[in-house]
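Computed from a predicted structure; not experimentally measured. In what follows, every chain begins at residue 1, and chains take the letters A, B, ... in the order their sequences are listed.
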Amino acid sequence: MVKLKIKDVGFSYASVPVLNGICIELTASEMLGIVGPNGAGKSTLIRCIDRILKPQRGSILLDGQDIKEMHLMELARKIGYIPQSTSQIFPATVFDTVLMGRRPHLGWRSSEKDTEMVLEMLQMLNIEEFAMRDINELSGGQQQKVFIARALTQEPAVLLLDEPTSNLDIRHQLEVMDIIKNIVREKGIAAIMAIHDLNLASRYADRIVMMNGGEIFDAGDAASVLTPENIKHVYDVEVEVPNHGGRPYIVPIRPVR
Amino acid sequence: MPSGTETITGTRTKRAEIKEQYKKFIGRKILFILFSLLLIFIIAGIAATLGSYPITVTEVYSIIWHGLFQNPETTKEIVVWNLRLPRILMGILAGIGLAIAGTMMQGILRNPMASPFTLGISAGAGFGAALAIILSAGFVAGEYLIIGNAFIFALIPTFVILGLARYRRATPETMILAGIALLYIFHASTTLLMYFSEPEAVKEAYFWMVGSLGKASWDNLLPASIVLVVCFIPLLWKSWDVNVMGAGDEIAKSLGVNVERTRIFIMVIASLLTAGIICFTGTIGFIGLVAPHMCRMVIGGDNRFLIPASGLFGAALLLGADTVARTIIAPVILPVGILTAFMGGPLFLYLIMRRRREYW
């Protein structure tokens, strides 16, 4: 069943077009990877889906309902967003940060159920020991897990990830991606992630959308999208793509002059 | 490998442990709030005994108690009820109001330097008062000329910033820069006004701007406390949203908070609160800046607790400062505004120095 439908979406900053004619459909339990060079419009698209930005053209339907018509709180109960990094200026404990994910669901007081939920997420992401630490004291990988926990306490149907692995070492990259993949499967969440690392995209995404200059250049499974021809055209980089365990493995050779 | 049941019990105890820690964390916050409240009572008791007419602490409390049921008759009763108590209560109200306004402004602007000064509110009030004192011109006639003028001009920066927000998005940067611009405009206007006026009027205007609790009276306390109550409730109600906004605008939006509208709403309320206080006291600085920081260091950044905590702690700070200001070179009574600045400056430097973290 189609969970999220992006229809002909266009967005411009002032008069500079950033997105043009984007159409994507996404079903539950599916993990979609958006790849493309810097400035291709990946992050902008993610922000449009969460209404952090408002697209000037097209519509985005969640369960058949246009998100423009939805109340902000209602949208926040359905879509979770995981940012690249934090910019917390004042102190906040990990527990309180994760509890913020309950904001769309609660009034002024948080209940026992909310507390239990936070504890469950902390345990699931294996960050219980940091519960009372300040978020700013954690490493990038630990922070990323906190953000995932916060987004999951929102109980979203759609999860948006903006470069979830960009600040992480190789071990944390795999850990974080495994966690996301499992959750998407278990909870039937539809996930969209903007990601730079083509090999992580190849390994974890069910489907890949390749963007270039604000438009969709190609879409499909990893083997059909991550080809030397496509990558050369979009990134201006010569690559070899051997098959590794049934998935394309991208080996960069040199930039095209 | 631990067996299945052991793992489950392990998980349970770990959870219980975190829950226990979290409860303790909240308990500590409540304890700090109670401690601040106690501090206010102690300082108020001491403050009421100090002055040219000697009265002991026990006498003060019994006079206050009796005064609740009958009009003050003896000299002691009149001194306490008509002179010292209004001053103390105004100190408490002003401390609470300024500290809460500062807390919320720092929160919505995500800026540790934000305070009622930053957005030009104090400068506006100063200009309004100077206009009333020097030219006797203003919006309100009669005995409320200065107060009314200070109140209205204190709100002008907020309305200008609101107007700007129609054309530019209400980001913290826009708001702070606009506030600083207004601060300069008001300062220049006040200076111009003073440059061309009589020395006596300049002195009076200047005294107003330093800020003191000397003008406190029972007549002033009522409107000031109404403003405080009316503003406190919506600020506390919005504390969750301000918490969420602490994580950044994008996160706040994704958690369902209408960031720009909330920012403007809180700014209006916080300005109203500041204006409602400083129109009676003049511009008392640093309480709104220092009290929130000191409280954050002790109890963390959760605004649900930080708002009451910094309010009460700010009240204790201001009351303490005023008590020192009244006695340090008695019989001369220094305006509390001078002392808060003298106290606040070094205190703030100390806080910056001992800060171990890179964030606030």
task = Take atom CE of A/Met73 as the centre, draw a 6.0 Å sphere, and report whether it contains more than 12 heavy atoms from other residues, nucleotides or ligands.
result = yes
query = So which of A/Arg51, A/Arg150, A/Arg77 has the largest heavy-atom pair count under 4.5 angstrom toward chain B?
reply = A/Arg150
message = Pair A/Glu116, B/Arg15 - check salt bridge (Lys or Arg N to Asp or Glu O under 4.0 Å), show working.
response = CA-CA 9 Å; A/Glu116 286 297 329; B/Arg15 271 197 192 190; 3.3 Å; yes
message = Report which part of A/Ile49 has an atom under 4.5 Å of a heavy atom belonging to chain B: side chain, backbone, both, or neither.
response = neither
task = Compare every heavy atom of B/Arg110 with every heavy atom of A/Ile89, then report the nearest pair and how far apart it is.
result = CD1-O, 3.0 Å
query = Of all the residues in residues 100-108 of chain B, which have a heavy atom that comes within less than 4.5 Å of a heavy atom in chain A?
reply = B/Gln106, B/Gly107
Worked verdict on B/Leu255 versus A/Gln154 for side-chain contact (heavy atoms from CB on, under 4.5 Å) = CA-CA 8 Å; B/Leu255 289 171; A/Gln154 272 175 268; 3.3 Å; yes
task = Return the option, out of B/Asp249, B/Asn258, B/Ile251, B/Asp302, with the maximum number of heavy-atom pairs under 4.5 Å with chain A.
result = B/Ile251
message = Looking at A/Lys181, I'd like to know if its NZ atom is crowded, meaning that more than 12 non-hydrogen atoms belonging to other residues, nucleotides or ligands lie closer than 6.0 Å.
response = yes
request  = Could you tell me whether the side chain of B/Tyr22 reaches within less than 4.5 Å of the side chain of A/Val118, counting heavy atoms only?
outcome  = no
inquiry  = Please enumerate all residues that pass side chain to side chain contact (heavy atoms under 4.5 Å, CB included) together with B/Glu250, with sequence neighbours excluded.
reply    = A/Arg47, A/Ile52, A/Tyr81
key: B/Phe35, CZ: over 12 other non-hydrogen atoms inside 6.0 angstrom   = no
message = So A/Phe90 and B/Asn243, do their side chains get closer than 4.5 Å, heavy atoms only?
response = no
message = Does atom NE2 (A/His71) have a neighbourhood of more than 12 heavy atoms from anything else shown, all under 6.0 Å?
response = no
remark   = The interface call for A/Ile79 against chain B, heavy-atom contacts under 4.5 Å, is backbone
remark   = Okay, A/Thr93 and chain B: the region with an atom under 4.5 Å from a heavy atom over there is side chain
ask   = Roughly how far, to the nearest 0.5 Å, is the CD atom of B/Glu17 from the CD atom of A/Glu129?
value = 11.0 Å
request  = Check step by step if side-chain contact (heavy atoms from CB on, under 4.5 Å) holds for B/Lys19 and A/Thr115.
outcome  = CA-CA 8 Å; B/Lys19 236 170 159 175; A/Thr115 310; 4.3 Å; yes
message = On a heavy-atom basis, which atom in A/Ala76 and which in B/Gly256 lie closest, and how many Å separate them?
response = CB-N, 3.4 Å
